[in-house]
Amino acid sequence: VVAHVGPGGAGAARSRRNCAALDAASRFAETRNWFELPHGLLYLDGNSLGPPVRDALGAVTRLLTEQWRVGLARSWNDAGWWDKPIELGRLLAPLLGSASDEVVVCDSISVNLFKVLAAAARLVPGRRAIVVEADAFPSDRYVAASVAALLGLETRLVGPGHDRAALGPEPGLTLERALDGAGVVLLSHVDYRTARRHDLRGLTALVHAYGALAVWDLAHSVGAFPLALDDDSADFAVGCTYKYLNGGPGAPAFVYAARRHLEAVSQPISGWHGHARPFGFLPRYAPHPGVRRFLAGTPPLLAYAALEASLRLWQQVDLVELAAASRSLSELLAALLAEACPGLELVSPPDPAQRGSHLAYRHRRPRTLVEALAARAVVADARQPDLVRLALTPLYLRHVDVFDAAERIAQTVSQLG
Ligand SMILES: Cc1ncc(COP(=O)(O)O)c(C=O)c1O
């Protein structure tokens, strides 16, 4: 059972002592010890870069000193280097709600999006457009436009589009309008700015009803709450491992491809690691029968070592309990800030079920606020022009931390005026 604030219960937790009691009873009371975090730091930036797990350094060191220095090239087989992208995909699968043979860990989200969007578009010949949200992370928009241009397709922007420069003078289309004749729809499950969460199952069904394929960006979902990609009939997904999954700076991203597409799908970076017989050195490309076909070239094994150390711990995390704990922390923070700084506007959906694991607040000078908070040992981040993001990560953030952070945020906001 997770000790948490519960609906309407944030008031009860609003003393530091009550917060400490909730923490003592929490399912995640011990998981904080998994991590290396500077003493006294209130880290609310885990949706940007998660902290290292204690074994990350050891795992990288072992790779350097044992596998590389001693094993040398033999380690491609003896230490399982060749299969790391698939092996880590297996460790990631439960976090995605997917079968273990539908996920491969490789490259960055941007590179994977290029591969996946092109691959998906090739599955629906005759369709005219790739649809992407006007508010999507810029890389998603850029890559979608690039793939569309390469394949002679239109790019259609949907949604309100807070980024007017990206959208131009017209508001984005509604999804239904954009879907007419479209082949592929790229959607951000959780908005990187506001934390607004889409209904993955419902929107996938809508996309399918129009004969298109749904590609999901899970950067702000994976490791924040449970996912059910197979049950929800997603076609493809990409996401990173350096945020909630604590894989480290530059940790490899992942591709999910639904099994029903694997035989027919072909991605455009047809490198030898995705070949059916990489050591056949054959004149022509023949894709591996499985999800390995989404690989391109040699993976950065040092980065995989740190990620593996974290993913092994993630096997012990119950994602339903994690989401409940995140909700408790976010309700506490929202209640404390609403009371202490009523002028600070919450931009995230007020209903926790409709958001990811961070809260976004509007502030005129977000960078100044974030710098002033850093001086008080609270790490948050700013998204221009006017947002501050505060991530709630129950594996290493407690109610008392949220309580202390809220106090310092309120003081800083009032000082900045
Ligand atoms: C929602 C979202 N999509 C895509 C990206 C880009 O990821 P990458 O740098 O791995 O290409 C980010 C990076 O933070 C992101 O937040």
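Read the numbers this way: they start at 1 and go in the same order the structure lists the ligands and their atoms.
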Next item on the list: Go through the steps to decide whether Arg312 and Glu87 satisfy the test salt bridge (Lys or Arg N to Asp or Glu O under 4.0 Å), and finish with yes or no.
Entry: CA-CA 11 Å; Arg312 297 230 169 258; Glu87 193 192 333; 2.9 Å; yes

Practice prompt. Determine which pairs satisfy ring pair (Phe, Tyr, Trp, His ring centres under 6.0 Å) with at least one residue from residues 202-226, sequence neighbours left out, and list them in order.
Written response: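 Sorted pair list: His189-Trp216, His189-Phe225, His220-His358.
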
- Query: Is there a side-chain contact between Leu307 and Pro252, using heavy atoms and a 4.5 Å cut-off?
  - Reply: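 The answer is yes, as the side chains (C-beta and beyond) meet within the 4.5 Å cut-off.
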
| Distance from Ile409 atom CD1 to Leu369 atom CG, nearest 0.5 Å? |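 The CG atom of Leu369 is 7.5 Å from CD1 of Ile409, to the nearest 0.5 Å.
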
Return the protein residues near ligand 1 (heavy atom under 4.0 Å from any of its atoms), ordered by chain and residue number.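 Within the 4.0 Å shell of ligand 1, which is judged on heavy atoms, sit Ser108, Ile109, Ser110, Phe137, Asp140, Asp217, Ala219, His220, Tyr242, Lys243.
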
Please determine whether a side-chain nitrogen of the Lys or Arg among Arg259 and Asp230 lies less than 4.0 Å from a carboxylate oxygen of the Asp or Glu.
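No.
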
Does CD in Glu30 sit with more than 12 non-hydrogen atoms of other residues, nucleotides or ligands closer than 6.0 Å?
->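 12 or below, so no.
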
